[in-house]
Amino acid sequence: VVAMTGAGVSTASGIPDFRSEDGIWNEYDPNDFHISRFRTDPKGFWRERVRMIEEAFGGDVEPNAAHEALAGLEAYGHLETLITQNVDGLHQEAGSDDPIEIHGNGQRVVCTGCERRSGVDPIMDRVRDGETPPACERCGDVLKPDVVLFGERLPEHELFRAQSAARSADVFLAIGSSLTVEPAASLPRRAYENGGTLCIVNLDRTE
Ligand code: ZN
């Protein structure tokens, strides 16, 4: 059994989704969070990023019943692989062991020079204190949120793992994902075409 989750599993934890009517991209301009904006104006990018996180994701966010159910399935040995489009880290917090994060994880930053990863919280503090853009303590290069920005390629290793899991799945659960964005759209199709049973769990009808 392979499960893939999208923004819908985290909305009950108070995390806004991206594409619905009160989604993030109705409030903020996606161009401000494009990789080309990060490259040309890392200072402005980081200021906007911190503002968005404080306004949209502020407060304590906890895993909900959906995260716990998936961690439970895994603990009982019924779930082989968990793939997530989310960058909130809530699956890990609920106890999932090693989810494949195809869009990265916003709880981390990555150095654009030496690729060292570290936690985002101290970096957010440094940005608030005026260090924009924040720099790597090891090599001095600019730090980037460890998430896939608009215009960026997906991490190859994670994508490869997700694709092989989908291909060999007997059952593929797609949960809380509109299945409109690649590769989320193609993973369930891949499972289905290889003889897997496809199960889509969404509030709204999935086209
Ligand atoms: Zn570095």
Side-chain angles (χ1 to χ4, degrees), residues 1-13 15-21 23-25 30 33-35 63-108 110 115 117 144-207:
V1 178
V2 174
M4 179 184 74
T5 62
V9 300
S10 289
T11 46
S13 292
I15 293 182
D17 67 9
F18 293 92
R19 289 178 179 75
S20 75
E21 252 168 54
I24 292 278
W25 304 131
F33 301 97
H34 196 279
I35 184 66
N64 64 55
H67 302 104
E68 278 154 21
L70 287 162
L73 277 179
E74 183 180 310
Y76 285 115
H78 298 314
L79 181 66
E80 177 78 20
T81 307
L82 177 60
I83 303 163
T84 187
Q85 299 170 265
N86 299 338
V87 299
D88 52 38
L90 289 177
H91 284 302
Q92 288 92 325
E93 237 180 275
S96 289
D97 187 28
D98 183 25
I100 303 174
E101 301 174 310
I102 50 180
H103 292 155
N105 187 323
Q107 303 297 313
R108 296 188 304 255
V110 59
E115 296 189 0
R117 289 176 163 78
K144 186 182 96 57
D146 194 13
V147 297
V148 176
L149 300 177
F150 290 110
E152 266 195 306
R153 293 165 61 119
L154 296 179
E156 235 164 78
H157 177 66
E158 277 72 14
L159 190 55
F160 178 77
R161 278 179 70 201
Q163 285 166 341
S164 18
R167 210 177 305 122
S168 58
D170 294 324
V171 177
F172 190 99
L173 307 168
I175 309 169
S177 170
S178 57
L179 304 180
T180 49
V181 184
E182 288 301 333
S186 61
L187 289 169
R189 195 179 313 125
R190 190 177 288 246
Y192 182 74
E193 284 168 2
N194 281 277
T197 300
L198 182 57
C199 175
I200 298 174
V201 185
N202 274 336
L203 276 183
D204 299 321
R205 188 180 164 76
T206 311
E207 298 300 333

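Numbering starts at 1 and runs along the sequence shown.
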Notebook entry, point to check: Going by the salt bridge (charged side-chain N to carboxylate O under 4.0 Å, His left out) test, which pairs reach into residues 149-158, not counting sequence neighbours?
Noted result: K144-E152, R153-E156
Next item on the list: Kindly state each residue pair satisfying salt bridge (charged side-chain N to carboxylate O under 4.0 Å, His left out) with at least one member in residues 71-98, sequence neighbours excluded.
Entry: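 Every salt bridge (charged side-chain N to carboxylate O under 4.0 Å, His left out) pair that includes a residue of residues 71-98, provided the two are not neighbours, is D98-R161.
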Next item on the list: Please identify each residue that fulfils salt bridge (Lys or Arg N to Asp or Glu O under 4.0 Å) with E182, with sequence neighbours left out.
Entry: none
Margin query: I'd like to check the salt bridge (Lys or Arg N to Asp or Glu O under 4.0 Å) partners of R108; sequence neighbours left out, ordered by chain and number.
Written below: E101, D146
For [X] versus [Y], what's the shortest heavy-atom pair and its separation?
{"X": "I102", "Y": "V148", "result": "O-CG2, 3.8 Å"}
{"X": "P188", "Y": "L179", "result": "CG-CD2, 4.0 Å"}
{"X": "V1", "Y": "L79", "result": "O-CD1, 3.5 Å"}

Margin query: Under a 3.5 Å distance rule, please check whether S10 uses its side chain to pair with a backbone N or O of A7 as donor and acceptor.
Written below: no
Check: Looking only at atom types and distance, does a side-chain atom of S13 sit under 3.5 Å from a main-chain N or O of I15, one as donor and one as acceptor?
Finding: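 Absent.
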Checklist line | Polar side chain donor-acceptor pair, S177 to Q85, under 3.5 angstrom | finding: yes
Checklist line | Sub-4.5 Å side-chain heavy-atom contact between N202 and S178 | finding: no
Check: Side chains of F172 and L187: closer than 4.5 Å at any heavy-atom pair?
Finding: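 Counting from C-beta outward, F172 and L187 do come under 4.5 Å.
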Checklist line | Residue pairs passing the ring-ring contact (aromatic ring centres under 6.0 Å, His included) test where at least one lies in residues 65-95, sequence neighbours excluded | finding: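 Residue pairs with at least one partner in residues 65-95: H67-H91.
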Notebook entry, point to check: Which residue pairs pass the side chain to side chain donor-acceptor pair (under 3.5 Å) test when at least one of the two sits in residues 163-172, sequence neighbours left out?
Noted result: none
